[in-house]
Protein chains: 2
Amino acid sequence: MAGTRSRPPEGRRRASHSMEAVLTEAVALLDEAGEPALTFRALASRLGGGVASIYWYVASKDELLDRATDHVLGGVLTAIESQTGSDDPIDDLRVMAVTLFDAIVVRPWLAAYFMRNTDLQGNSLRLYEQLGQQTLRLDLTPRQRFHAASAIISVVVGTAADLGQEPPPEVLDGTVGRDEYLGQWAERWRRLDPEEFPFMHEIVDEFEGHDDKDQFLAGLELTLAGLRLQAGA
Amino acid sequence: MAGTRSRPPEGRRRASHSMEAVLTEAVALLDEAGEPALTFRALASRLGGGVASIYWYVASKDELLDRATDHVLGGVLTAIESQTGSDDPIDDLRVMAVTLFDAIVVRPWLAAYFMRNTDLQGNSLRLYEQLGQQTLRLDLTPRQRFHAASAIISVVVGTAADLGQEPPPEVLDGTVGRDEYLGQWAERWRRLDPEEFPFMHEIVDEFEGHDDKDQFLAGLELTLAGLRLQAGA
DNA sequence: GCGCAACATCGAACGTTGTTCTATCGTATC
DNA sequence: GATACGATAGAACAACGTTCGATGTTGCGC
């Protein structure tokens, strides 16, 4: 059983030179080449140590990813906490959502693991609390507040995961620009039967050369508008 | 290069006894025990054949998952197409979104791969088209229609992925009921400092014994309300 | 009926992954 | 100096996706 083994200090970390190094280097690997790049062997090589040493700090790869996400979420949290305090709680909600979105969209691996992590604790819990506190300033029932905060998280994470996925290799290599890539899809859709796909023809021009951030902001605004309506403001 | 190799008929499938069998059995494996259960060896064993035979139908595991998702999306699509035709396009949008949500929430693997799949084609494209066609009946600009359809997809997929994740083993085994599991989290949150976590205390009662479906519906309603406001109806 | 090409299948092997086992350092404390 | 413990690491294991080479199986021109 893994629980009986002694572990490094969790709550109060003493020296813990390496726990920080492990997490930092793990995040660096994830940022540089995505989730599949984070292997215990690559990580050990970076740290200049053996493979099994990492298991002294984390019990499994799942825990490694858990701690890595919590690590970067700590940075997001401080960024979010320093941006509240507007007159309008909905404005605060928007700023917080955008900050979270920006952090996730550059780290596709974060979105994927953000949703797999059912445990609401640590910095993830704190982030949820920060968002929810803004709903306390709105005229809503507890149930509505619960739903509102959850909905915003879903919109942010869902959109970020949808838009922030790893671009195909030909775009990353620089051989094909982002505009060309979008153009290829647009071209394909333009060749569809207009009678069977009227909507695709309607939006293909908008799609070509669209901005991911704008798309997210528009979706977020729909939710916030609905929320404002619900609060009767 | 993989593209030069001959492949089974894609567009017009002739006999294709086994392609159907491969996909059906792959989906069955995914449904029974989640994504990690789908291995080439387990799948081959189910099909009563060898491991390498599967590579005659799909070039990689990624393609296997692509085809599997497209397979089940086909069922969702027919269910959705038979449910449109209301007076209110927003009512239609809600029904379609709920149908899609229900299909995803019982298949956590679908949500995970739904977002990883950047290729908008096949049944995924048709589904997007069906949703978008409802926005054609609303008084919106093409850009607003593009954003609206994308936002709804994000809300559905994001929420389904968030709520439909695999329950922990102790719940699956039946040793701990869902209510007890929720209760344990509620208990943990009640022990938090009320001054630092006022929101968690506000919603902990709502969380305990909440229904995932209601949570999704509430979030969807916010987006739809914002959309209705935007359309000026 | 024959032969050849394409379809379809399969066992064995390769390289990589997460994980475990066991042995070994270094350093405080008695 | 002996001991216990924090910390490290090499070697091995099982399982995974994938590839290779060989072998059936079918369809069609002659």
Side-chain angles (χ1 to χ4, degrees), chain A residues 1-26 29-30 32-68 109 112-113 116 169, chain B residues 1-26 29-30 32-68 109 112-113 116 169:
Chain A
M1 194 168 292
T4 57
R5 206 212 305 193
S6 70
R7 290 272 194 73
E10 302 211 25
R12 56 190 70 186
R13 54 196 69 164
R14 230 178 353 165
S16 180
H17 277 181
S18 301
M19 178 57 123
E20 277 284 321
V22 167
L23 261 40
T24 304
E25 224 58 43
L29 268 169
L30 287 166
E32 284 170 24
E35 192 162 347
L38 177 60
T39 69
F40 276 78
R41 284 167 178 83
L43 182 54
S45 166
R46 277 222 177 194
L47 294 166
V51 188
S53 302
I54 307 173
Y55 278 87
W56 205 88
Y57 296 95
V58 295
S60 67
K61 189 172 184 180
D62 270 324
E63 190 183 318
L64 176 61
L65 280 169
D66 273 334
R67 285 196 137 91
W109 58 273
Y113 212 78
R116 198 160 305 159
Chain B
M1 194 169 291
T4 58
R5 207 211 307 190
S6 69
R7 289 273 192 74
E10 303 210 24
R12 55 190 67 185
R13 54 196 69 163
R14 234 178 354 167
S16 179
H17 278 178
S18 301
M19 178 57 122
E20 276 285 320
V22 166
L23 260 42
T24 305
E25 224 59 42
L29 267 170
L30 287 166
E32 286 169 24
E35 192 162 347
L38 177 61
T39 70
F40 276 77
R41 285 166 177 85
L43 182 54
S45 166
R46 277 221 177 194
L47 294 165
V51 188
S53 303
I54 307 171
Y55 279 88
W56 176 217
Y57 296 95
V58 295
S60 67
K61 188 172 185 182
D62 271 323
E63 189 183 316
L64 176 61
L65 280 168
D66 273 334
R67 286 195 137 92
W109 58 272
Y113 211 77
R116 196 160 307 158

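Order of the sequence lines sets the chain letters (A, B, ...), proteins ahead of strands, with each chain counted from 1. Fair warning: this is a prediction, and the values are worked out from it, not measured in the lab.
- Comparing D:dG17, C:dT9, C:dT20 by their closest approach to the side chain of A:Tyr55 singles out C:dT20.
- Going from atom CH2 of B:Trp56 over to atom OG of B:Ser18 covers 11.5 Å, rounded to the nearest 0.5 Å.
- Between B:Ser53 and C:dA8 there is no side-chain polar atom (N or O) within less than 4.0 angstrom of OP1 or OP2.
- The CD-P distance, from A:Glu63 to C:dG18, rounds to 15 Å in whole Å.
- Take the nearest nucleotide of DNA chain D for B:Lys61 and for B:Ala52: the residue whose nucleotide is more 5' is B:Lys61.
- Partners of B:Tyr113 under the ring pair (Phe, Tyr, Trp, His ring centres under 6.0 Å) rule, at least two apart in sequence or in another chain, do not exist in this structure.
- At C:dA8, none of the side-chain N or O atoms of B:Tyr57 fall inside 4.0 Å of OP1 or OP2 (strictly under the cut-off).
- In this structure, B:Trp56 reaches the C:dA8 phosphate: one of its side-chain N or O atoms is under 4.0 Å from OP1 or OP2.
- For residues 35-45 of chain B, there are no salt bridge (charged side-chain N to carboxylate O under 4.0 Å, His left out) pairs, not counting sequence neighbours.
- Here the shortest heavy-atom pairing between B:Phe40 and B:Ile54 reads O-CD1, 3.5 Å.
- For the pair A:Val58 and A:Asp66, the minimum side-chain heavy-atom distance is 4.5 Å or more.
- Pairing each heavy atom of B:Ala26 with each of B:Leu64, the nearest pair is CB-CD1, 4.2 Å.
- Within residues 32-44 of chain A, the residues having any heavy atom under 4.0 Å from DNA chain C are, by residue number, A:Leu38, A:Thr39, A:Phe40, A:Arg41.
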